[in-house]
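Within every chain, numbering begins at 1; the chains are lettered A, B, ... in the order of the sequence lines, protein sequences first and strands thereafter. Computed from heavy atoms alone, side chains included, the values below leave out hydrogens, waters and symmetry copies.
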Number of protein chains: 2
Amino acid sequence: MSDKSELLRFLSQVLPSERIITDTNLTEKYNSDRTKGFSGSAGIVVLPENAEEISLVLSKCNEMNEPVYTRGGGTGVTGAAPPLDMGLVLSMERMNNILEIDTRNLTATVEPNVITGVLQTEVEKLGLFYPPDPASLDECTLGGNVSQNAGGPRAVKYGVTKDYVLGMECVLPDGSFIHSGGKFVKNSTGYNLTQLITGSEGTLCVMTKLFIKLLPKPVMEYDLLIGFSSLESAIDTVAAILFKRVVPSTIEFMEDEAIRLVSSYRGGDIPFADAKAHLIVKLDGRNQDEIEYQLEILKSLPEIDETKMMIARTKEESEQVWQIRRSVRDSLNHFSPVFFAEDCVVPRSEIPSFIKSIKSQLNMYKVNSVLFGHAGDGNVHIDVLKYDMDDAKFKDLKDRIRNMLYNEAISHGGQITGEHGIGYTRREFLERAVGKYEYSLMKQIKHVFDPNNILNRGKLFF
Amino acid sequence: MSDKSELLRFLSQVLPSERIITDTNLTEKYNSDRTKGFSGSAGIVVLPENAEEISLVLSKCNEMNEPVYTRGGGTGVTGAAPPLDMGLVLSMERMNNILEIDTRNLTATVEPNVITGVLQTEVEKLGLFYPPDPASLDECTLGGNVSQNAGGPRAVKYGVTKDYVLGMECVLPDGSFIHSGGKFVKNSTGYNLTQLITGSEGTLCVMTKLFIKLLPKPVMEYDLLIGFSSLESAIDTVAAILFKRVVPSTIEFMEDEAIRLVSSYRGGDIPFADAKAHLIVKLDGRNQDEIEYQLEILKSLPEIDETKMMIARTKEESEQVWQIRRSVRDSLNHFSPVFFAEDCVVPRSEIPSFIKSIKSQLNMYKVNSVLFGHAGDGNVHIDVLKYDMDDAKFKDLKDRIRNMLYNEAISHGGQITGEHGIGYTRREFLERAVGKYEYSLMKQIKHVFDPNNILNRGKLFF
């Protein structure tokens, strides 16, 4: 740990004192995000208000070889945000302005710390739509979403965060500004730096402005909860729905164990409690006819038993459906507050085989697990529960189970994380996940942007 | 130029002789693509049939510092494909197999030289849809499209090539294989190499397999030709259409001069010949109701005069509409076979101001120009005509005009090329277009992948 006095002297020249935090009582909240069992240690926390200040801070830290941890909403679950080794935290909290909502070009220009849900609300007032909907959308930020390439249930129809990043302004570690893309969707002018930086988890540069793509807002939505006699038939139904040209905005699944856990937590208050799998399907459209048309197609599928279908046509009914899905996390926390959560991704059709394979191995380890997630896009949430297992044993099992899960995801043609990222907690697995040549390219690209490795040092790479 | 005997000896060990071409009568066709006034010089042309052969050839060339030019359909217009300095051409023509169309995951796995139109036809037989539709789709290849991040009219609703690349297998110059992504849309596992390689114009690695995203095929389409009294009102109408939640798959425009040229070429056989701008709008949907619903919304817009709207509901009627749009190129070739074509992109709303500004400057140069293109996505095609101007004068003007166009595109918040790429003919403009720091990052990334600069040497960078 370096002596911070020179850095502090510099910071006090470029930032007002109330935006430089050193009191450990006040820096403490910057030490962690939502990653279970992991926190770091912040040295200085600074609160920049514009790109110029960021440029000055970065160039000084770069010169001094001082690590910098850029922070958004702090809702990550893989330890991408927490500072290591008393590093400097660049908290973007004051850069939270929506600079423009452009109704002619269907774009928003935002500072990185705009809360995702706030942008959604604001654009919806104008009849527009920002589709990505990570679970933490009322607290997470667009900058954080872009850094992690956050997903969410609507990915089936609308894609993930990266599909809505049209361009950005960033600051490199040496303080220079870069611009990439803009308010247009077509661009063949050199390498796509926008998409390289998206998902780079704060390791390449600091984003200071984002150009976001918007869509016209669909007017109506229905939510369906459908029970199935097996996970296979549920997943087969997903393919059948899409094949009939119905693209729901969301297709979530809950397997057996998730249904039983939620049922037990809610005292049996859950439809189709004896089903072996649930799908929750959200249909959207410009008017009722469009949605009813899609619904009729779903009803006509041999895979779907109409008596096992609950149809939510109003906001209140939808709320009932989604409460079931949201109860998964609540019931996990209720029955086993300690667990670890993985979010592997596999080709959609591989979900049953992937789940079958990991379930049989999890049984061998004698641990309980709950599986649910995004059937439409192959992103499977796997929560492994501690219950009353001995701490040391659970920790030991955790590493072995993660290895097993990642191996299975990759051997099923998938990847180790669909939306949560690598961060700190998965960095030792990245090389095996992507391959040694790919890992080497990534490390060298990191070196191109950040030769002194000051940005999110200790994250992503091992 | 190096002595090729050692390389030839090596090639003859790893490839059958009929797949090594050295006869200049036979290599000649590999010297050029569709770039006006530019051709290169091929030394050896090799026709690999699989990734292993490519790996062997690349690693030898890398060791010998021999430049390699990977070639797809040869339909590019910025000189990205033609070999320079007697370099080796890696013609992918034999790697044209569709390896799989996966109807459950809605993906295709293809070798890079599958013709784009062939993939479209094959997937449509199964009720699926590959949306990107570059003008040369019957001759261009998916590998070429991915290399250039090709666009097309359908970008308004469906995006461009990059939005359909889920993953790839590639070979690096040293012969090692890399894999990125796969048959899934969600991925937060390290840097997005897939999107970095997409649009890199063959300068980073050689793609040997592509994972392509497919959609369910819309069943019906209507095409509309609409006349307007000014370009401004046409472009305002685009924003109004989108704002009413109608997202056409295509919104093309033709301005004044383009209409007059086509009208003159077709002997007046063009609807609304006195209009100052045309929009061609393609609506699609799952059934007639969905399209008629969209059509009614368009008719209700105050910006649209129903008497100036031609509605094509059948294939034959559509053909009539699109013949007008396609006549632009034919009439250009008829009246002035020599011209140069630019494809700047600006935010959609900036089209009128961009066009007004460049038109007034083109008038000062006393050249004729025709403007048309993709109103829905801001991609403006600018064809500048030579007519009977003196060759030397036209050449001199060309450089000055391109500078002017690129400056105007950038100052209107756009970029110099929306879908054609940089290639050879625009390489001297790239640094100014993207900025010096961005250019430096790109060159360093190039060096990471290709330290000896063997891949497409002399392209993209200056």
Side-chain angles (χ1 to χ4, degrees), chain A residues 103-106 127 148-149 151 155 159-160 172 176 178-180 182-193 195-196 198-200 216 239 242-243 245 247 286 289-290 345 347-349 377-379 413-422 430 433-435 437-438 441-442 444-445 448, chain B residues 103-106 148-149 151 155 159-160 172 176 178-180 182-193 195-196 198-200 216 239 242-243 245 247 286 289-290 345-349 377-379 413-422 430 433-435 437-438 441-442 444-445 448:
Chain A
T103 56
R104 297 189 70 201
N105 289 303
L106 301 193
Q148 304 302 115
N149 187 21
V160 294
L172 293 175
S176 51
I178 61 170
H179 299 82
S180 176
K183 289 159 63 169
F184 43 88
V185 293
K186 270 183 172 173
N187 190 10
S188 292
T189 315
Y191 299 157
N192 194 336
L193 299 182
Q195 291 294 323
L196 176 62
T198 300
S200 66
L242 294 169
F243 205 68
R245 302 186 176 88
V247 184
R286 281 166 296 213
D289 287 351
E290 280 189 16
V345 62
R348 192 162 50 219
S349 67
D377 57 44
N379 191 196
Q415 255 308 354
I416 72 173
T417 169
E419 55 187 12
H420 291 161
I422 298 297
L430 178 61
V434 298
Y437 298 116
E438 296 81 352
L441 290 172
M442 290 178 193
Q444 291 178 75
I445 291 168
V448 165
Chain B
T103 56
R104 296 189 70 202
N105 290 304
L106 303 193
Q148 305 301 114
N149 187 22
V160 295
L172 293 175
S176 51
I178 61 169
H179 299 82
S180 177
K183 288 159 65 168
F184 43 87
V185 292
K186 269 183 174 173
N187 191 9
S188 292
T189 315
Y191 298 157
N192 195 336
L193 298 181
Q195 291 296 322
L196 176 62
T198 300
S200 66
L242 294 168
F243 205 69
R245 301 186 176 87
V247 184
R286 282 168 297 216
D289 287 350
E290 279 189 15
V345 63
V346 293
R348 191 162 51 221
S349 67
D377 58 43
N379 192 196
Q415 257 306 354
I416 72 173
T417 168
E419 57 188 10
H420 291 161
I422 299 296
L430 179 60
V434 298
Y437 298 115
E438 297 81 351
L441 290 172
M442 292 179 191
Q444 291 178 76
I445 291 168
V448 165

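- The parts of I178(A) that come within reach of chain B are both its backbone and its side chain, each placing non-hydrogen atoms under 4.5 angstrom from that chain.
- Here OG of S176(B) is found 7.5 Å from CG of L441(A). Values are rounded to the nearest 0.5 Å.
- No donor-acceptor pair under 3.5 Å is formed between the side chain of E290(B) and the backbone N or O of E290(A).
- There is no contact between D289(B) and chain A, counting heavy-atom distances below 4.5 Å.
- Both the backbone and the side chain of I416(B) come within less than 4.5 Å of a heavy atom in chain A.
- Contacts of V160(A) with chain B are made by side-chain atoms alone, with heavy-atom separations under 4.5 Å and no backbone atom involved.
- Within the 4.5 angstrom heavy-atom criterion, atoms from both the backbone and the side chain of Q444(B) approach chain A.
- Options D377(B), V247(B), N192(B), T103(B) differ in how many heavy-atom pairs under 4.5 Å they form with chain A, and the most are formed by D377(B).
- Within the 4.5 angstrom heavy-atom criterion, only backbone atoms of Q148(A) (N, CA, C, O) approach chain B.
- Looking at L430(A), the atoms closer than 4.5 Å to chain B (heavy atoms on both sides) all sit in the side chain, from C-beta outward.
- Contacts between Y191(B) and chain A at a heavy-atom distance below 4.5 Å involve backbone atoms as well as side-chain atoms.
- Listed options N105(A), V185(A), L193(A), N149(A) were ranked by heavy-atom pairs under 4.5 angstrom with chain B; first place goes to N105(A).
- When each of P216(A), S349(A), A239(A) is checked for heavy-atom pairs under 4.5 Å with chain B, S349(A) comes out on top.
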